[in-house]
Engineer: 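Take this structure, written in structure tokens, and hold onto it; I'll ask about it next.
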Amino acid sequence: MFPKSLAVSRNISNFIRNLSGLSRLCSSSITIAESPCPPSCDVVVIADLIEKQHWSKLGVHVKDINPNELFRQLISSELDPDLCLRYYTWSVKNRNISVSLELTFKLLHSLAIAKRYSKIRSFLDGFAKDDGSDHPVHSILHAISMCDNVCVSSIIADMLVLAYANNSRFELALEAFKRSGFYGYKLSALSCKPLMIALLKQNRSADVEYVYKEMIRRKIQPNLFTFNVVINALCKTGKMNKARDVMEDMKVYGCSPNVVSYNTLIDGYCKLGGIGKMYKADAVLKEMVENKVSPNLTTFNILIDGFWKDDNLPGSMKVLKEMLDQDVVPNVITYNSLINGLCSGGKISEALGMHDKMVSAGVQPNLITYNSLINGFCKNDMLKEALDMLESVKGQGFVLTARTYNMLIDAYCKLGKTVDGFALKEEMEREGIVPDIGTYNCLIAGQCRDGNVEAAKKLFDQLTSKGLPDLVTYHILMESYCSKGESRKAAMLLKEMSKMDLKPRHLTYNILMKGYCREGNLKAATNMRTEMEKERRLRMNVASYNVLLQGYSQKGKLEDANILLNEMLEKGLVPNRTTYEIVKLEMVDKGFVPDVEGHLFNVSTKS
DNA sequence: ATAGGGTTAG
């Protein structure tokens with residue numbers, strides 16, 4: 001206890017030495033308020049009261065002193081910054097004062113000099129949380145810059161970025177990061193990491209890349225984590241070459257790529273479009289093995305999923321064999337992926353076999369496993385089996401969701417048994433499962449297929465009052481109107497959907513353009529194109545060109561079609577099989593050879 | 001810091 005009281009008395013004597021300002025303040029308040037000034041011994045008591053946390057007594061002693069001025073004096077004195085902070089917290093809470101940013105950060109600076117970092121951290125944490133008295137980031141950085149010790153300012157700016165990122169205020173974190181650069185503050189990878197992770201989660205890959213480049217420019221050494229986050233951001237946006245460059249950068253900075261780095265890269269290739277992507281994914285696998293990094297469960301799962309989605313089920317099976325050979329144990333993700341692959345390839349009995357295999361391997365199937373199997377049955381004309389499985393899943397005590405029922409309702413509707421679809425919807429409601437928009441979409445699509453657009457529209461209108469319809473609902477109805485030669489009615493829905501705050505997509509406009517083309521109304525179709533292009537985010541894509549191309553060539557306007565074709569190629573758009581078929585069927589077969597024939601044929605024969 | 005999955009429109 002002795003050393004502690006010694007520290008207290010030292011605090012207080014420092015404090016008294018700096019009191020001249022405060023007594024001046026007090027004497028001036030005498031002349032105005034004509035109330036007795038607290039004698040300086042009272043002020044010694046103030047410091048003592050803060051130290052001892054006798055707040056109610058303190059309240060009495062300082063009630064005639066301007067709290068902001070007292071705070072200013074406390075900061076300027078050499079009083080222990082911890083005590084200043086205590087006074088600050090108390091007076092903000094109990095005396096409702098608002099301290100200027102400049103003074104606040106002066107306090108944080110003295111805390112930083114005293115190395116009270118955790119105190120600063122929790123202070124800034126509260127600061128970042130507080131959305132009532134938000135200060136603009138530029139003002140905060142200005143306040144930070146009032147201290148001439150750049151190191152101390154850097155530390156505080158760094159903690160500010162971290163505090164914002166930890167409190168989900170990513171916009172502010174990014175702004176603080178940017179502005180710190182203008183002031184030349186050196187931040188740490190510790191704060192950059194949560195910022196980058198947050199930006200990645202919001203799919204803001206370009207911003208992740210920006211932060212990374214800034215780190216390099218500002219000579220902030222990235223660590224393995226931050227490198228992997230950047231690689232992930234680049235892979236997600238298909239910038240595989242840039243991702244590989246970052247892998248090379250890592251080595252320069254003395255970091256070796258680990259399993260996560262390689263897995264991320266492999267996944268990037270798997271999710272890339274185009275030919276030969278799995279070949280590249282496989283090459284990365286070989287590369288990682290060469291670099292003595294062993295593939296793990298995640299690696300194999302990524303590859304299994306990648307192969308069957310690339311229409312290469314045997315590839316998936318080979319990976320399965322490979323992982324078993326290496327004694328890597330498949331988990332529920334592995335089996336679900338395989339079951340999905342088998343079902344999508346129509347191999348239902350093999351999928352069931354895989355289910356048995358997982359059970360005997362001691363891996364518990366989950367609801368997704370069963371939904372995949374039910375979906376497999378539904379899509380392969382095995383409704384009876386699907387219904388049986390539904391019952392068995394119910395019997396196992398799984399809590400079903402609307403999704404399970406939606407697949408079955410859709411199967412009924414596609415068999416032309418829309419009535420049974422509605423009956424199943426009622427059954428699910430009796431079981432306490434609320435139909436979602438997917439349920440209604442299946443039913444509405446069913447009614448449309450039955451040629452009963454009126455009934456579909458009626459159901460749609462009921463949903464509209466509840467704000468339920470989504471983009472898919474609108475697309476189903478639009479398609480239906482268009483196929484009946486009522487494209488104008490479909491176009492009316494376009495206006496309605498914007499009122500419902502739904503943003504049209506390429507597909508939306510393509511449906512409408514296709515409708516008008518089918519009616520031979522090329523002018524209306526072209527107007528639709530103009531409408532679409534008014535929205536800057538929607539440029540003509542290959543599908544849009546295909547629609548118009550088909551419209552023009554079917555009307556025998558082959559020159560116009562050719563102009564369109566050239567336009568699309570000039571934009572660097574790659575024609576697909578549909579493009580090829582239209583050109584072949586409508587143009588080449590009718591004796592018209594497009595200018596771009598050679599190019600077109602070269603590209604399309606590959607896919 | 002990396003992997004998965006189910007419905008409806010195309």
Side-chain angles (χ1 to χ4, degrees), chain A residues 193-194 196-197 200-201 208 222-233 235-236 243 255 257-268 270-271 288 295-306 308-309 319 330-341 343-344 365-379 386 393 398 400-411 413-414 421 435-446 448-449 469-480 482 505-508 510-511 514 541 543-544 546-547 578:
Chain A
K193 188 180 111 180
M196 290 164 109
I197 292 171
L200 179 68
K201 278 194 186 136
V208 177
N223 53 31
L224 185 59
F225 281 78
T226 43
F227 275 121
N228 285 345
V229 173
V230 181
I231 292 174
N232 195 0
C235 286
K236 277 217 165 78
C255 266
N258 66 353
V259 205
V260 176
S261 327
Y262 283 111
N263 286 350
T264 308
L265 202 62
I266 292 175
D267 193 51
C270 286
K271 299 218 162 51
M288 75 188 276
N296 61 10
L297 178 60
T298 304
T299 321
F300 291 117
N301 285 346
I302 291 169
L303 286 165
I304 288 177
D305 211 56
W308 76 257
K309 283 184 177 155
V319 176
N331 64 359
V332 64
I333 297 178
T334 323
Y335 285 110
N336 283 353
S337 178
L338 287 163
I339 288 173
N340 265 305
C343 284
S344 81
N366 56 19
L367 183 58
I368 308 289
T369 318
Y370 291 113
N371 279 346
S372 299
L373 286 167
I374 290 175
N375 192 35
F377 288 136
C378 285
K379 296 281 145 63
V393 173
F398 281 104
L400 295 185
T401 66
R403 290 249 180 143
T404 316
Y405 283 94
N406 293 351
M407 296 181 291
L408 287 154
I409 291 172
D410 187 54
C413 289
K414 284 196 171 132
D436 63 5
I437 186 58
T439 318
Y440 291 108
N441 285 343
C442 294
L443 292 166
I444 289 175
C448 287
R449 270 190 296 264
D470 64 0
L471 208 60
V472 178
T473 327
Y474 276 95
H475 288 171
I476 295 167
L477 265 186
M478 285 177 166
E479 189 101 29
S480 184
C482 286
R505 290 195 197 165
H506 277 111
L507 183 57
T508 322
N510 290 350
I511 291 169
K514 196 171 177 180
N541 63 10
S544 332
N546 286 348
V547 169
T578 313

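All values reported here derive from a predicted model rather than from experimental measurement. Values below: all heavy atoms of this structure, side chains included; hydrogens, waters and symmetry mates excluded.
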Engineer: Using the test ring pair (Phe, Tyr, Trp, His ring centres under 6.0 Å), find all partners of A:Tyr370 that sit at least two apart in sequence or belong to another chain.
Structural biologist: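 Once residues adjacent in sequence are excluded, the partners of A:Tyr370 under the ring pair (Phe, Tyr, Trp, His ring centres under 6.0 Å) criterion are A:His355, A:Phe398.
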Engineer: Does A:Asn258 reach a base, just sugar-phosphate, or nothing at all? Heavy atoms under 4.0 Å.
Structural biologist: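 If one applies the 4.0 Å heavy-atom cut-off, A:Asn258 turns out to touch a base.
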Engineer: Considering only heavy atoms of chain A and a distance under 4.0 Å, specify the first and last nucleotide of DNA chain B in 5' to 3' order that meet this criterion.
Structural biologist: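 Both ends considered, the range comes out as B:dA1 to B:dG10.
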Engineer: Give A:Lys236 one of three labels, base, sugar-phosphate or nothing, depending on what nucleic acid heavy atoms sit under 4.0 Å from its own.
Structural biologist: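 If one applies the 4.0 Å heavy-atom cut-off, A:Lys236 turns out to touch nothing in the nucleic acid.
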Engineer: Reckon A:Lys201 touches a base, only the sugar-phosphate, or nothing at all at heavy-atom distances under 4.0 Å?
Structural biologist: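 The answer is nothing, as A:Lys201 stays clear of every strand by at least 4.0 Å.
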Engineer: When we call it a touch if two heavy atoms are under 4.0 Å apart, what does A:Arg449 touch: a base, just sugar-phosphate, or nothing?
Structural biologist: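 Contact class for A:Arg449: sugar-phosphate only.
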Engineer: Tell me every residue that passes salt bridge (Lys or Arg N to Asp or Glu O under 4.0 Å) with A:Lys193, counting only those two or more places apart in sequence or in another chain.
Structural biologist: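 In terms of salt bridge (Lys or Arg N to Asp or Glu O under 4.0 Å), with neighbours along the sequence ignored, A:Lys193 is linked to no residue.
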Engineer: Reckon A:Lys414 touches a base, only the sugar-phosphate, or nothing at all at heavy-atom distances under 4.0 Å?
Structural biologist: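 Counting heavy atoms under 4.0 Å across all strands, the contact made by A:Lys414 is with sugar-phosphate only.
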Engineer: Base, sugar-phosphate, or nothing for A:Ser261, non-hydrogen atoms under 4.0 angstrom?
Structural biologist: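 If one applies the 4.0 Å heavy-atom cut-off, A:Ser261 turns out to touch nothing in the nucleic acid.
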Engineer: Just checking, is any N or O donor in the side chain of A:Asp305 or A:Asn340 under 3.5 Å from an acceptor N or O on the other one?
Structural biologist: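 Judged by distance alone, the side chains do not pair up.
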Engineer: What is the nucleic acid contact for A:Ile197, judged by heavy atoms within less than 4.0 Å: base, sugar-phosphate only, or nothing?
Structural biologist: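 The answer is sugar-phosphate, as A:Ile197 gets under 4.0 Å only of primed atoms, P, OP1 or OP2.
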Engineer: Could you check whether A:Asn510 and A:Asn546, counting side-chain N and O atoms only, form a donor-acceptor pair closer than 3.5 Å?
Structural biologist: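 No pair is found: no donor N or O on one side chain lies under 3.5 Å from an acceptor on the other.
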Engineer: Name the nucleic acid region contacted by A:Thr264, choosing base, sugar-phosphate or nothing; use a 4.0 angstrom heavy-atom cut-off, strictly under.
Structural biologist: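 Touches sugar-phosphate only.
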Engineer: Using a 4.0 Å heavy-atom cut-off, does A:Asn331 contact any base of the nucleic acid, only the sugar-phosphate backbone, or nothing at all?
Structural biologist: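 Contact class for A:Asn331: base.
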Engineer: Using a 4.0 Å heavy-atom cut-off, does A:Asn296 contact any base of the nucleic acid, only the sugar-phosphate backbone, or nothing at all?
Structural biologist: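 Nothing, no heavy atom under 4.0 Å.
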Engineer: Just checking, is any N or O donor in the side chain of A:Asn301 or A:Thr298 under 3.5 Å from an acceptor N or O on the other one?
Structural biologist: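 Not at all, the side chains of A:Asn301 and A:Thr298 share no donor-acceptor pair under 3.5 Å.
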Engineer: Yes or no on side chain to side chain donor-acceptor pair (under 3.5 Å) for A:Asn375 and A:Ser372, after CA distance, side-chain angles and deciding distance?
Structural biologist: CA-CA 5 Å; A:Asn375 192 35; A:Ser372 299; over 6 Å; no
